[in-house]
Amino acid sequence: MTEPSPAARLAAIQARIAHAAKLARRAADAVTLIAVSKTHPAEAIAPLIAAGQRVFGENRVQEAAAKWPALREGAPDAQLHLIGQLQSNKAAEAVALFDAIHSVDRPSLVTALARAMDKADRRPACFVQVNIGDEPQKGGAPTAELPALLAEARAAELPVAGLMCIPPADREPAPYFALLAKLAEDHGLAGLSMGMSGDFETAVMIGATQVRVGTALFGARA
């Protein structure tokens, strides 16, 4: 059977987002699709750009820095979001390269990002990552520490746009998405970065404003 084209995959994901939004009585354009291009080469990304996709997610600063300057020459309006963990010593590079950072998760990173943003006079949107299942192996601020971290981020004048989470694997994600939505509401935040290839429709129905989709757009990695 012939593999669907990148444009066909993109259209299918957009249609599924629109359907989930309609069921939740939300506007489809209230949800931003982040195409997770981590580990994929430029030649796999270019067809999605040609099909109209403009928001992409990368996990590592170094990988993004190697791929995206050339890709952006042909698509200067492309937006790049960092969705992986960020070391504090890479904060300046991340601020220079990314339009949004989804993995703010500790006070030392808040300090490093604030310093880098002031120096570069550039302020990418920031999402505070919450370890929504309180899993020891995962990044993100523990839920109990979220209020203090948000207070530090706001005091440092980081442009906090919302919260991000990755629910525990092999568990029903809806309760975790609902908890993140409640935490965001409690703290006066509108942005919800949640939902991936296997659960983005559930996330949209619970209020996601950004969904991070990789495999469903690019196919399984070799």
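Values below: all heavy atoms of this structure, side chains included; hydrogens, waters and symmetry mates excluded. By convention here, the first residue in the shown sequence is residue 1.
Relative orientation of the W68 and F56 rings is tilted, given thresholds of 30° and 60° on the angle between their planes. Ring geometry for H40 against F218 counts as parallel: the plane angle stays under 30°, on a 0 to 90° scale with 60° as the upper cut.
No donor-acceptor pair closer than 3.5 Å links the side chain of R54 to the backbone N or O of A78. Panel note: side chain E172, backbone A174; a donor-acceptor pair is recorded below 3.5 Å. Judged by distance alone, with hydrogens and angles left aside, the side-chain atoms of R72 form no donor-acceptor pair with the main-chain N or O of K67 at under 3.5 Å. Side chain of S103 to backbone of I83: no donor-acceptor contact under 3.5 angstrom is found. Panel note: side chain E3, backbone S5; no donor-acceptor pair is recorded below 3.5 Å. Under a 3.5 Å cut-off, the side chain of D118 and the backbone N or O of R115 do not form any donor-acceptor pair.
Annotation: side chain of C165 is not in contact with side chain of Q129 (no heavy-atom distance under 4.5 Å). The side-chain heavy atoms of L82 and R60, taken from C-beta on, include no pair separated by under 4.5 Å. Using a 4.5 Å heavy-atom cutoff, the side chains of L163 and L146 are in contact. Counting only heavy atoms from C-beta outward, the side chains of T209 and M194 never approach each other to under 4.5 Å. Counting heavy atoms from C-beta outward, L86 and V61 have side chains that approach closer than 4.5 Å. With contacts defined as side-chain heavy-atom distances shorter than 4.5 Å, the pair I132/K138 does not qualify.
Heavy atoms only, all atoms of each residue included: L192 and G207 are closest at CD1-O, 3.4 Å. Here the shortest heavy-atom pairing between P124 and P159 reads O-CG, 3.1 Å. A75 and I49 make their closest contact through CB-CG2, 3.6 Å (heavy atoms, listed as atom of the first residue, atom of the second, distance). Between L113 and V104, the closest heavy-atom pair is CD1-CG2, 3.7 Å. Pairing each heavy atom of S197 with each of G214, the nearest pair is OG-N, 3.4 Å. In this structure, A181 and I206 approach most closely via the heavy-atom pair CB-O, 4.1 Å.
Between E201 and R16, at least one side-chain nitrogen of the basic residue sits less than 4.0 Å from a carboxylate oxygen of the acidic one, meeting the salt-bridge criterion. Under the 4.0 Å criterion applied to side-chain N and carboxylate O atoms, K182 and E185 are not assigned as salt-bridge partners. Ionic pairing of R106 and E145 is not present here: no N-O contact between side-chain nitrogen and carboxylate oxygen is shorter than 4.0 angstrom. By the 4.0 Å N-to-carboxylate-O rule, D99 lies too far from R123 to be salt-bridged with it.
Counting heavy atoms of neighbouring residues, nucleotides and ligands inside a 6.0 Å radius, atom CG of D121 does not exceed 12 of them. Residue-environment remark: CD (E157) stays at or below the threshold of 12 foreign heavy atoms within 6.0 Å.
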Worksheet item: Please walk me through it: do D105 and Q85 pass side-chain contact (heavy atoms from CB on, under 4.5 Å)?
Response: CA-CA 9 Å; D105 64 355; Q85 296 302 296; 2.9 Å; yes
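Under the side-chain hydrogen bond (donor to acceptor under 3.5 Å, both in side chains) test applied with H102, the options H81, R212, Q210 reduce to a single match, H81.
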